[in-house]
Q: 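This structure is in C-alpha coordinates; I'll ask about it shortly.
Note on naming: letters A, B, ... go to the chains in the order of the sequence lines (proteins, then strands), and numbering restarts at 1 for each one.
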Protein chains: 2
Amino acid sequence: MFKKFKIPEATVGRLTAYSRFLKEAEEKGISTVSSQQIAKATGVTPAQVRKDLAYFGEFGTRGVGYNPRELYNYIMKILGLDRRWPVIIIGAGRLGAALAMYKGFAERGFDIVGIFDIDPEKIGSKIGEIEIRPLEELKEKVQELPVKLGIVAVPAASAQQVVDYMVESGIRGIINFAPVNVSVPEGVVLRRVDLASQLEYLTFRLGESR
Amino acid sequence: MFKKFKIPEATVGRLTAYSRFLKEAEEKGISTVSSQQIAKATGVTPAQVRKDLAYFGEFGTRGVGYNPRELYNYIMKILGLDRRWPVIIIGAGRLGAALAMYKGFAERGFDIVGIFDIDPEKIGSKIGEIEIRPLEELKEKVQELPVKLGIVAVPAASAQQVVDYMVESGIRGIINFAPVNVSVPEGVVLRRVDLASQLEYLTFRLGESR
DNA sequence: GGGGGATTGTTAAAGATTTAACATCCTTGT
DNA sequence: ACAAGGATGTTAAATCTTTAACAATCCCCC
(Lines give C-alpha, C1' and ligand atoms only; values in the text may rest on other atoms or scores of the structure.)
Protein backbone atom coordinates (compact mmCIF):
# COMPACT_ATOMS: atom_id res chain seq x y z
CA MET A 1 0.00 0.00 0.00
CA PHE A 2 1.76 3.11 -1.20
CA LYS A 3 0.58 6.24 0.50
CA LYS A 4 3.06 8.85 -0.56
CA PHE A 5 1.01 11.74 0.78
CA LYS A 6 -0.77 12.50 3.97
CA ILE A 7 -4.33 11.34 3.72
CA PRO A 8 -6.99 13.72 5.07
CA GLU A 9 -8.86 12.45 8.06
CA ALA A 10 -12.14 13.16 6.31
CA THR A 11 -11.13 10.95 3.41
CA VAL A 12 -10.68 7.99 5.73
CA GLY A 13 -14.15 8.51 7.15
CA ARG A 14 -15.67 8.63 3.70
CA LEU A 15 -13.97 5.42 2.64
CA THR A 16 -16.01 3.65 5.29
CA ALA A 17 -19.19 5.05 3.81
CA TYR A 18 -18.17 4.11 0.29
CA SER A 19 -17.39 0.58 1.35
CA ARG A 20 -20.81 0.12 2.91
CA PHE A 21 -22.52 1.25 -0.26
CA LEU A 22 -20.30 -0.96 -2.40
CA LYS A 23 -21.10 -3.98 -0.32
CA GLU A 24 -24.81 -3.33 -0.76
CA ALA A 25 -24.35 -2.85 -4.48
CA GLU A 26 -22.44 -6.09 -4.79
CA GLU A 27 -25.07 -7.98 -2.84
CA LYS A 28 -27.71 -6.64 -5.20
CA GLY A 29 -25.69 -8.08 -8.06
CA ILE A 30 -24.84 -4.73 -9.60
CA SER A 31 -21.81 -5.13 -11.86
CA THR A 32 -20.63 -1.53 -12.16
CA VAL A 33 -21.16 1.66 -10.19
CA SER A 34 -20.12 5.19 -11.09
CA SER A 35 -18.56 7.78 -8.83
CA GLN A 36 -21.84 9.61 -9.22
CA GLN A 37 -23.81 6.74 -7.76
CA ILE A 38 -21.39 6.34 -4.88
CA ALA A 39 -21.51 10.07 -4.27
CA LYS A 40 -25.27 10.21 -4.21
CA ALA A 41 -25.55 7.32 -1.79
CA THR A 42 -23.00 8.73 0.61
CA GLY A 43 -23.87 12.39 0.38
CA VAL A 44 -20.75 13.78 -1.26
CA THR A 45 -19.78 15.00 -4.73
CA PRO A 46 -18.57 12.65 -7.47
CA ALA A 47 -15.32 14.61 -7.67
CA GLN A 48 -14.79 13.95 -4.01
CA VAL A 49 -15.19 10.22 -4.49
CA ARG A 50 -12.68 10.13 -7.32
CA LYS A 51 -10.25 12.35 -5.45
CA ASP A 52 -10.43 10.20 -2.36
CA LEU A 53 -9.73 7.06 -4.33
CA ALA A 54 -6.94 8.73 -6.29
CA TYR A 55 -4.83 8.90 -3.14
CA PHE A 56 -4.50 5.14 -3.29
CA GLY A 57 -4.39 4.22 -6.94
CA GLU A 58 -6.61 3.61 -9.95
CA PHE A 59 -9.52 1.32 -9.28
CA GLY A 60 -12.00 2.09 -12.03
CA THR A 61 -12.32 1.92 -15.78
CA ARG A 62 -12.76 5.13 -17.73
CA GLY A 63 -16.05 5.37 -19.50
CA VAL A 64 -17.39 2.54 -17.37
CA GLY A 65 -17.09 2.94 -13.63
CA TYR A 66 -16.06 0.67 -10.78
CA ASN A 67 -16.64 -2.96 -10.05
CA PRO A 68 -18.32 -2.98 -6.63
CA ARG A 69 -16.71 -6.13 -5.32
CA GLU A 70 -13.26 -5.18 -6.49
CA LEU A 71 -13.42 -1.63 -5.16
CA TYR A 72 -14.90 -2.87 -1.91
CA ASN A 73 -11.98 -5.22 -1.45
CA TYR A 74 -9.50 -2.50 -2.23
CA ILE A 75 -11.04 -0.09 0.26
CA MET A 76 -11.23 -2.69 2.97
CA LYS A 77 -7.58 -3.41 2.42
CA ILE A 78 -6.73 0.29 2.51
CA LEU A 79 -8.57 0.61 5.80
CA GLY A 80 -6.72 -2.37 7.18
CA LEU A 81 -9.91 -4.42 7.29
CA ASP A 82 -8.68 -7.37 5.29
CA ARG A 83 -8.31 -9.12 8.64
CA ARG A 84 -10.19 -9.21 11.93
CA TRP A 85 -9.04 -7.08 14.87
CA PRO A 86 -9.32 -7.93 18.54
CA VAL A 87 -10.39 -5.00 20.71
CA ILE A 88 -10.48 -4.51 24.47
CA ILE A 89 -12.73 -2.17 26.43
CA ILE A 90 -11.80 -0.44 29.65
CA GLY A 91 -14.75 0.52 31.79
CA ALA A 92 -17.70 -1.79 32.34
CA GLY A 93 -20.25 0.90 33.03
CA ARG A 94 -23.35 1.29 30.92
CA LEU A 95 -21.54 2.74 27.98
CA GLY A 96 -18.75 0.17 28.09
CA ALA A 97 -21.28 -2.63 28.35
CA ALA A 98 -23.31 -1.30 25.44
CA LEU A 99 -20.23 -0.98 23.29
CA ALA A 100 -19.18 -4.50 24.22
CA MET A 101 -22.48 -5.80 22.88
CA TYR A 102 -22.72 -3.52 19.88
CA LYS A 103 -23.25 -5.67 16.79
CA GLY A 104 -21.86 -3.07 14.44
CA PHE A 105 -18.28 -3.75 15.50
CA ALA A 106 -18.31 -7.45 14.65
CA GLU A 107 -19.88 -6.70 11.30
CA ARG A 108 -16.86 -4.63 10.37
CA GLY A 109 -14.31 -7.09 11.65
CA PHE A 110 -13.78 -5.99 15.24
CA ASP A 111 -14.01 -8.58 18.01
CA ILE A 112 -14.35 -7.48 21.60
CA VAL A 113 -12.05 -9.88 23.41
CA GLY A 114 -11.90 -8.36 26.87
CA ILE A 115 -13.56 -5.93 29.26
CA PHE A 116 -11.68 -4.51 32.22
CA ASP A 117 -12.70 -2.43 35.21
CA ILE A 118 -11.34 -1.42 38.58
CA ASP A 119 -14.61 -1.77 40.48
CA PRO A 120 -14.33 -5.02 42.52
CA GLU A 121 -18.13 -5.28 42.50
CA LYS A 122 -18.12 -5.77 38.77
CA ILE A 123 -15.26 -8.21 38.41
CA GLY A 124 -16.45 -11.66 37.47
CA SER A 125 -19.84 -10.72 36.13
CA LYS A 126 -20.47 -11.18 32.44
CA ILE A 127 -21.40 -8.93 29.58
CA GLY A 128 -22.63 -11.24 26.89
CA GLU A 129 -19.99 -13.94 26.63
CA ILE A 130 -17.23 -11.90 28.17
CA GLU A 131 -16.30 -11.77 31.80
CA ILE A 132 -15.28 -8.46 33.32
CA ARG A 133 -11.69 -8.71 34.53
CA PRO A 134 -9.63 -6.46 36.82
CA LEU A 135 -7.56 -3.81 35.12
CA GLU A 136 -4.35 -5.43 36.36
CA GLU A 137 -4.91 -8.31 33.94
CA LEU A 138 -4.98 -5.99 30.96
CA LYS A 139 -1.31 -6.17 30.11
CA GLU A 140 -1.24 -9.93 30.09
CA LYS A 141 -4.29 -10.18 27.86
CA VAL A 142 -3.09 -7.51 25.47
CA GLN A 143 0.29 -9.11 24.97
CA GLU A 144 -1.08 -12.62 24.72
CA LEU A 145 -3.05 -12.13 21.50
CA PRO A 146 -1.73 -9.43 20.87
CA VAL A 147 -4.37 -6.69 20.98
CA LYS A 148 -3.62 -3.35 19.39
CA LEU A 149 -6.98 -1.56 19.77
CA GLY A 150 -8.76 -0.33 22.87
CA ILE A 151 -11.83 1.64 23.85
CA VAL A 152 -11.91 3.89 26.91
CA ALA A 153 -15.30 4.15 28.61
CA VAL A 154 -14.28 5.34 32.07
CA PRO A 155 -15.01 8.61 33.88
CA ALA A 156 -13.11 11.66 32.73
CA ALA A 157 -11.08 11.82 35.92
CA SER A 158 -9.35 8.48 35.36
CA ALA A 159 -9.10 8.56 31.58
CA GLN A 160 -5.49 9.75 31.32
CA GLN A 161 -4.30 7.21 33.82
CA VAL A 162 -6.10 4.39 32.04
CA VAL A 163 -4.79 5.48 28.66
CA ASP A 164 -1.23 5.54 29.97
CA TYR A 165 -1.60 2.02 31.23
CA MET A 166 -3.11 0.86 27.94
CA VAL A 167 -0.19 2.29 26.02
CA GLU A 168 2.26 0.70 28.41
CA SER A 169 0.49 -2.60 27.91
CA GLY A 170 0.93 -2.45 24.16
CA ILE A 171 -2.28 -0.87 22.85
CA ARG A 172 -1.56 1.31 19.81
CA GLY A 173 -4.97 2.67 18.81
CA ILE A 174 -7.43 4.14 21.29
CA ILE A 175 -10.95 5.51 21.15
CA ASN A 176 -11.68 7.72 24.11
CA PHE A 177 -15.31 8.20 25.11
CA ALA A 178 -14.43 10.16 28.23
CA PRO A 179 -15.17 13.86 27.79
CA VAL A 180 -11.62 14.95 28.46
CA ASN A 181 -8.50 15.57 26.44
CA VAL A 182 -5.86 12.92 27.00
CA SER A 183 -2.41 12.70 25.50
CA VAL A 184 -0.56 9.74 24.07
CA PRO A 185 3.05 9.29 22.97
CA GLU A 186 4.22 9.30 19.37
CA GLY A 187 3.17 6.20 17.50
CA VAL A 188 -0.13 5.76 19.30
CA VAL A 189 -3.30 6.83 17.53
CA LEU A 190 -5.99 8.45 19.61
CA ARG A 191 -9.52 9.34 18.70
CA ARG A 192 -11.99 11.09 20.90
CA VAL A 193 -15.73 10.56 20.68
CA ASP A 194 -17.64 13.03 22.77
CA LEU A 195 -21.30 12.11 22.79
CA ALA A 196 -22.58 15.21 24.57
CA SER A 197 -20.60 17.36 22.17
CA GLN A 198 -22.60 15.90 19.32
CA LEU A 199 -25.81 17.16 20.86
CA GLU A 200 -24.17 20.51 21.50
CA TYR A 201 -23.42 20.82 17.84
CA LEU A 202 -27.12 20.45 17.16
CA THR A 203 -28.18 23.08 19.66
CA PHE A 204 -25.59 25.45 18.25
CA ARG A 205 -26.88 25.06 14.71
CA LEU A 206 -30.47 25.36 15.84
CA GLY A 207 -29.65 28.56 17.66
CA GLU A 208 -27.92 29.95 14.60
CA SER A 209 -31.02 30.01 12.45
CA ARG A 210 -32.97 32.17 14.84
CA MET B 1 -25.91 36.44 19.25
CA PHE B 2 -24.43 37.92 16.11
CA LYS B 3 -22.83 35.35 13.88
CA LYS B 4 -22.26 37.19 10.66
CA PHE B 5 -20.08 34.49 9.16
CA LYS B 6 -20.32 30.78 8.75
CA ILE B 7 -18.75 29.08 11.74
CA PRO B 8 -16.55 26.07 10.99
CA GLU B 9 -17.87 22.82 12.32
CA ALA B 10 -14.53 22.18 14.02
CA THR B 11 -14.80 25.44 15.90
CA VAL B 12 -18.07 24.36 17.45
CA GLY B 13 -16.52 21.13 18.61
CA ARG B 14 -13.61 22.94 20.18
CA LEU B 15 -15.88 25.32 22.05
CA THR B 16 -17.19 22.34 23.95
CA ALA B 17 -13.66 21.41 24.95
CA TYR B 18 -12.83 24.96 25.99
CA SER B 19 -15.95 25.16 28.11
CA ARG B 20 -15.06 22.00 30.01
CA PHE B 21 -11.62 23.33 30.80
CA LEU B 22 -13.02 26.70 31.84
CA LYS B 23 -15.46 25.09 34.19
CA GLU B 24 -12.65 23.17 35.85
CA ALA B 25 -10.55 26.31 36.10
CA GLU B 26 -13.39 28.22 37.68
CA GLU B 27 -14.02 25.46 40.19
CA LYS B 28 -10.38 25.58 41.14
CA GLY B 29 -10.80 29.27 41.84
CA ILE B 30 -8.50 30.43 39.07
CA SER B 31 -9.27 34.05 38.25
CA THR B 32 -7.71 34.36 34.80
CA VAL B 33 -6.64 31.95 32.09
CA SER B 34 -4.69 32.65 28.92
CA SER B 35 -5.36 31.34 25.44
CA GLN B 36 -2.15 29.43 25.89
CA GLN B 37 -3.46 27.59 28.93
CA ILE B 38 -6.74 26.80 27.22
CA ALA B 39 -4.84 25.61 24.18
CA LYS B 40 -2.58 23.34 26.12
CA ALA B 41 -5.44 21.75 28.01
CA THR B 42 -7.47 21.09 24.90
CA GLY B 43 -4.72 20.13 22.51
CA VAL B 44 -4.84 23.03 20.07
CA THR B 45 -2.76 26.14 19.40
CA PRO B 46 -3.29 29.42 21.25
CA ALA B 47 -3.97 31.15 17.94
CA GLN B 48 -6.72 28.68 17.29
CA VAL B 49 -8.39 29.46 20.59
CA ARG B 50 -8.32 33.18 19.94
CA LYS B 51 -9.54 32.74 16.38
CA ASP B 52 -12.40 30.54 17.46
CA LEU B 53 -13.52 33.06 20.05
CA ALA B 54 -13.12 35.95 17.65
CA TYR B 55 -16.03 34.65 15.58
CA PHE B 56 -18.33 35.59 18.42
CA GLY B 57 -16.87 38.72 19.97
CA GLU B 58 -14.25 39.90 22.39
CA PHE B 59 -14.23 38.06 25.67
CA GLY B 60 -10.77 38.66 27.06
CA THR B 61 -8.61 41.49 28.28
CA ARG B 62 -5.40 42.28 26.42
CA GLY B 63 -2.36 41.77 28.50
CA VAL B 64 -4.36 39.73 30.99
CA GLY B 65 -6.39 36.86 29.64
CA TYR B 66 -9.90 35.56 30.18
CA ASN B 67 -12.08 35.24 33.22
CA PRO B 68 -13.00 31.55 33.35
CA ARG B 69 -16.51 31.98 34.65
CA GLU B 70 -17.36 34.76 32.24
CA LEU B 71 -15.94 33.01 29.20
CA TYR B 72 -17.60 29.77 30.24
CA ASN B 73 -20.95 31.52 30.39
CA TYR B 74 -20.41 33.13 27.01
CA ILE B 75 -19.48 29.85 25.38
CA MET B 76 -22.41 28.03 26.92
CA LYS B 77 -24.69 30.72 25.59
CA ILE B 78 -23.08 30.51 22.16
CA LEU B 79 -23.65 26.76 22.13
CA GLY B 80 -27.25 27.25 23.15
CA LEU B 81 -26.61 25.63 26.52
CA ASP B 82 -27.94 28.45 28.68
CA ARG B 83 -31.03 26.31 29.06
CA ARG B 84 -31.82 22.62 29.38
CA TRP B 85 -32.90 20.60 26.35
CA PRO B 86 -35.29 17.65 26.30
CA VAL B 87 -34.17 14.81 24.03
CA ILE B 88 -35.93 11.69 22.79
CA ILE B 89 -34.31 8.43 21.72
CA ILE B 90 -35.65 6.13 19.05
CA GLY B 91 -34.56 2.54 19.40
CA ALA B 92 -34.45 0.77 22.75
CA GLY B 93 -31.75 -1.71 21.86
CA ARG B 94 -28.52 -1.92 23.79
CA LEU B 95 -27.10 1.25 22.33
CA GLY B 96 -30.32 3.20 22.78
CA ALA B 97 -30.59 2.01 26.37
CA ALA B 98 -26.99 2.90 27.15
CA LEU B 99 -27.43 6.36 25.69
CA ALA B 100 -30.62 6.82 27.67
CA MET B 101 -28.69 6.17 30.87
CA TYR B 102 -25.54 8.04 29.91
CA LYS B 103 -24.76 10.53 32.65
CA GLY B 104 -22.74 12.78 30.38
CA PHE B 105 -25.86 14.14 28.69
CA ALA B 106 -27.52 15.41 31.84
CA GLU B 107 -24.28 17.04 32.94
CA ARG B 108 -24.35 19.18 29.83
CA GLY B 109 -28.01 20.06 30.05
CA PHE B 110 -29.68 17.34 28.02
CA ASP B 111 -32.59 15.44 29.54
CA ILE B 112 -33.76 12.21 28.00
CA VAL B 113 -37.53 12.51 28.19
CA GLY B 114 -38.65 9.61 26.07
CA ILE B 115 -37.60 6.33 24.47
CA PHE B 116 -39.52 4.84 21.59
CA ASP B 117 -39.38 1.52 19.78
CA ILE B 118 -41.49 -0.51 17.39
CA ASP B 119 -40.82 -3.87 19.05
CA PRO B 120 -44.03 -4.79 20.98
CA GLU B 121 -41.90 -6.94 23.31
CA LYS B 122 -40.11 -3.88 24.60
CA ILE B 123 -43.03 -1.53 25.04
CA GLY B 124 -43.81 -0.89 28.67
CA SER B 125 -40.51 -1.99 30.13
CA LYS B 126 -38.36 0.65 31.72
CA ILE B 127 -34.90 2.00 31.15
CA GLY B 128 -34.01 3.82 34.33
CA GLU B 129 -37.00 6.01 35.06
CA ILE B 130 -38.30 6.07 31.54
CA GLU B 131 -40.79 3.70 30.02
CA ILE B 132 -40.32 2.53 26.46
CA ARG B 133 -43.27 3.69 24.38
CA PRO B 134 -44.43 2.73 20.91
CA LEU B 135 -43.17 4.84 18.04
CA GLU B 136 -46.70 6.01 17.24
CA GLU B 137 -46.71 8.08 20.41
CA LEU B 138 -43.64 10.01 19.34
CA LYS B 139 -45.45 12.85 17.63
CA GLU B 140 -47.68 13.53 20.58
CA LYS B 141 -44.78 13.57 23.02
CA VAL B 142 -42.61 15.73 20.82
CA GLN B 143 -45.25 18.36 20.33
CA GLU B 144 -46.36 18.35 23.94
CA LEU B 145 -43.11 19.67 25.42
CA PRO B 146 -41.97 20.48 22.69
CA VAL B 147 -38.85 18.39 21.96
CA LYS B 148 -36.47 19.54 19.28
CA LEU B 149 -33.66 16.97 19.62
CA GLY B 150 -33.62 13.26 18.88
CA ILE B 151 -31.20 10.38 18.80
CA VAL B 152 -31.54 7.52 16.32
CA ALA B 153 -30.33 4.15 17.57
CA VAL B 154 -32.16 1.80 15.24
CA PRO B 155 -30.84 -0.63 12.60
CA ALA B 156 -29.54 0.89 9.39
CA ALA B 157 -32.42 -0.49 7.39
CA SER B 158 -35.08 1.53 9.21
CA ALA B 159 -33.08 4.68 9.93
CA GLN B 160 -34.36 6.79 7.03
CA GLN B 161 -37.95 5.92 7.79
CA VAL B 162 -37.52 6.75 11.45
CA VAL B 163 -35.79 10.03 10.66
CA ASP B 164 -38.59 11.04 8.32
CA TYR B 165 -41.12 10.42 11.03
CA MET B 166 -39.07 12.34 13.57
CA VAL B 167 -38.90 15.34 11.28
CA GLU B 168 -42.61 15.12 10.60
CA SER B 169 -43.20 15.05 14.34
CA GLY B 170 -41.28 18.26 14.87
CA ILE B 171 -37.73 17.16 15.72
CA ARG B 172 -35.21 19.63 14.31
CA GLY B 173 -31.85 18.19 15.37
CA ILE B 174 -30.91 14.55 14.98
CA ILE B 175 -27.95 12.39 15.88
CA ASN B 176 -27.88 9.23 13.83
CA PHE B 177 -26.00 6.24 15.21
CA ALA B 178 -27.13 3.94 12.41
CA PRO B 179 -24.28 3.25 9.99
CA VAL B 180 -26.11 4.61 6.98
CA ASN B 181 -26.47 7.93 5.24
CA VAL B 182 -29.89 9.46 5.75
CA SER B 183 -31.23 12.70 4.36
CA VAL B 184 -33.25 15.41 6.03
CA PRO B 185 -35.05 18.46 4.66
CA GLU B 186 -33.72 22.01 4.86
CA GLY B 187 -33.84 23.40 8.35
CA VAL B 188 -33.17 20.11 10.10
CA VAL B 189 -29.67 19.49 11.45
CA LEU B 190 -28.31 15.99 11.16
CA ARG B 191 -25.18 14.51 12.63
CA ARG B 192 -23.93 11.04 12.08
CA VAL B 193 -21.90 9.11 14.63
CA ASP B 194 -20.50 5.92 13.20
CA LEU B 195 -18.89 3.92 15.99
CA ALA B 196 -17.31 1.25 13.81
CA SER B 197 -15.90 3.95 11.58
CA GLN B 198 -13.96 5.30 14.54
CA LEU B 199 -12.19 1.99 14.96
CA GLU B 200 -11.56 1.86 11.23
CA TYR B 201 -9.79 5.17 11.44
CA LEU B 202 -7.44 3.62 13.97
CA THR B 203 -6.67 0.57 11.85
CA PHE B 204 -6.04 2.80 8.87
CA ARG B 205 -3.54 4.94 10.75
CA LEU B 206 -1.86 1.89 12.26
CA GLY B 207 -1.50 0.38 8.80
CA GLU B 208 -0.01 3.60 7.47
CA SER B 209 3.05 3.50 9.65
CA ARG B 210 4.15 0.10 8.42
C1' DG C 1 -13.97 -0.20 -37.64
C1' DG C 2 -15.26 4.35 -36.50
C1' DG C 3 -18.13 7.82 -33.97
C1' DG C 4 -20.96 9.12 -29.92
C1' DG C 5 -21.72 9.01 -25.24
C1' DA C 6 -20.13 8.16 -20.81
C1' DT C 7 -16.95 8.04 -16.90
C1' DT C 8 -12.47 7.94 -14.93
C1' DG C 9 -7.99 10.08 -13.39
C1' DT C 10 -5.72 14.30 -12.95
C1' DT C 11 -4.65 18.98 -12.94
C1' DA C 12 -5.95 23.52 -11.84
C1' DA C 13 -8.87 26.77 -9.38
C1' DA C 14 -11.52 27.99 -5.56
C1' DG C 15 -12.62 27.89 -0.92
C1' DA C 16 -11.96 26.99 3.84
C1' DT C 17 -9.18 26.45 7.82
C1' DT C 18 -5.10 26.88 10.47
C1' DT C 19 -0.97 29.11 11.75
C1' DA C 20 1.86 33.01 12.28
C1' DA C 21 2.82 37.75 13.06
C1' DC C 22 2.07 42.00 15.07
C1' DA C 23 -0.20 46.15 16.70
C1' DT C 24 -2.99 47.24 20.62
C1' DC C 25 -3.92 47.47 25.17
C1' DC C 26 -3.64 46.21 30.18
C1' DT C 27 -1.05 45.53 34.58
C1' DT C 28 2.70 46.09 37.49
C1' DG C 29 6.69 48.09 39.44
C1' DT C 30 9.53 51.94 40.08
C1' DA D 1 3.74 58.90 35.31
C1' DC D 2 6.02 55.85 32.45
C1' DA D 3 8.38 51.84 30.74
C1' DA D 4 8.52 46.83 30.46
C1' DG D 5 6.29 42.61 29.98
C1' DG D 6 2.60 39.99 28.59
C1' DA D 7 -1.75 38.54 26.34
C1' DT D 8 -5.49 39.66 23.32
C1' DG D 9 -7.71 40.69 18.78
C1' DT D 10 -6.91 40.95 14.04
C1' DT D 11 -4.83 40.81 9.71
C1' DA D 12 -2.00 38.36 6.54
C1' DA D 13 0.26 34.16 5.01
C1' DA D 14 0.38 29.39 4.64
C1' DT D 15 -1.72 25.16 4.41
C1' DC D 16 -5.18 22.00 3.57
C1' DT D 17 -9.53 20.48 1.36
C1' DT D 18 -13.03 20.61 -1.93
C1' DT D 19 -14.87 21.60 -6.31
C1' DA D 20 -14.57 22.15 -11.10
C1' DA D 21 -12.82 21.24 -15.61
C1' DC D 22 -11.01 18.43 -19.07
C1' DA D 23 -8.12 15.10 -21.50
C1' DA D 24 -7.86 10.15 -21.81
C1' DT D 25 -10.12 5.98 -22.31
C1' DC D 26 -13.64 2.56 -22.86
C1' DC D 27 -18.03 0.51 -24.55
C1' DC D 28 -21.77 0.21 -27.65
C1' DC D 29 -23.98 0.61 -31.85
C1' DC D 30 -24.23 1.13 -36.52
Q: Any salt bridge between Glu9(B) and Arg14(B), counting N to O under 4.0 Å?
A: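 Looking at Glu9(B) and Arg14(B), the cut-off is not met.
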Q: Which is more 5' along DNA chain D, the nucleotide nearest Val64(A) or the one nearest Arg14(A)? Just name the residue.
A: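 The residue closer to the strand's 5' end, by nearest nucleotide, is Arg14(A).
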Q: Should we count CZ of Arg69(B) as having more than 12 external heavy atoms under 6.0 Å?
A: no
Q: When you measure from the side chain of Lys6(A), which nucleotide among dT25(D), dC16(D), dA20(D) comes out closest?
A: dC16(D)
Q: Just how far, in rounded Å, is C1' of dT17(D) from CD of Glu9(A)?
A: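 The distance from CD of Glu9(A) to C1' of dT17(D) comes to 13 Å, rounded to the nearest Å.
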Q: Report the distance from atom NZ of Lys51(B) to atom C1' of dC22(C), rounded to the nearest whole Å.
A: 15 Å
Q: Let me know the distance between CZ of Arg62(B) and C1' of dC26(C), rounded to the nearest Å.
A: 10 Å
Q: Would you kindly give the CD1-to-C1' distance between Ile7(B) and dT18(C), to the nearest whole Å?
A: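 Distance, rounded to whole Å: 15 Å.
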Q: Using rotation axes that map the C1' atoms of four end pairs onto the next four (five pairs an end), what angle separates the end axes of the helix from dG1(C)-dC30(D) to dT30(C)-dA1(D), to 10°?
A: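 Between the first-five-pair axis and the last-five-pair axis there is 0°.
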Q: With nearest nucleotides of DNA chain D determined for Pro8(A) and Thr61(A) from heavy-atom distances, which residue corresponds to the more 5′ nucleotide?
A: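 Residue closer to the 5' terminus by nearest nucleotide: Pro8(A).
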Q: Given atom CD of Glu58(A) and atom P of dT11(C), what is their separation to the nearest angstrom?
A: 11 Å
Q: Check the surroundings of atom CD1 in Ile130(B): do more than 12 heavy atoms from other residues, nucleotides or ligands lie under 6.0 Å from it?
A: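 Yes, because the 6.0 Å sphere around CD1 of Ile130(B) holds more than 12 heavy atoms from other groups.
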Q: Under a 4.0 Å heavy-atom cut-off, which of residues 19-45 of chain A touch DNA chain D?
A: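 Here the set is Thr45(A).
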Q: For this output row, return yes or no: ring centroids of Phe105(B) and Tyr102(B) closer than 6.0 angstrom.
A: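 Close enough - the centres of the two rings lie under 6.0 Å apart.
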Q: Tell me, please, whether Phe116(A) has Arg133(A) positioned over its six-membered ring: NZ or CZ under 6.0 Å from the ring centre and within 45 degrees of its axis?
A: no
Q: To the nearest 0.5 Å, how far apart are OG in Ser169(A) and CD in Gln143(A)?
A: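 Output value for this atom pair is 6.5 Å.
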Q: How about Glu26(B): does its CD atom have over 12 heavy atoms from other parts shown lying under 6.0 Å from it?
A: yes
Q: Report, as yes or no, whether the 6.0 Å neighbourhood of atom CD on Gln161(B) holds more than 12 heavy atoms from other residues, nucleotides or ligands.
A: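 It does not: Gln161(B) CD has 12 such atoms or fewer within range.
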Q: Rounded to whole angstroms, how far apart are CG on Leu53(B) and C1' on dT10(D)?
A: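 In whole Å, dT10(D) C1' lies 13 Å from Leu53(B) CG.
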Q: For Gln48(A) and dT17(D), is the shortest distance between a side-chain N/O and OP1 or OP2 below 4.0 Å?
A: no
Q: Provide, to the nearest angstrom, the distance between the CG atom belonging to Leu71(A) and the C1' atom belonging to dT7(C).
A: 14 Å
Q: In this structure, how many angstroms lie between the C1' atom of dT17(C) and the CG atom of Asp52(B), rounded?
A: 10 Å
Q: According to a strict under-4.0 Å criterion, is Tyr66(A) in side-chain N/O contact with OP1 or OP2 of dA6(C)?
A: no
Q: Tell me whether the centres of the aromatic rings in Tyr74(B) and Phe59(B) are closer together than 6.0 Å.
A: yes
Q: Can a side chain N or O of Arg50(B) be found less than 4.0 Å away from OP1 or OP2 on dC22(C)?
A: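 Negative; the distance criterion is not met.
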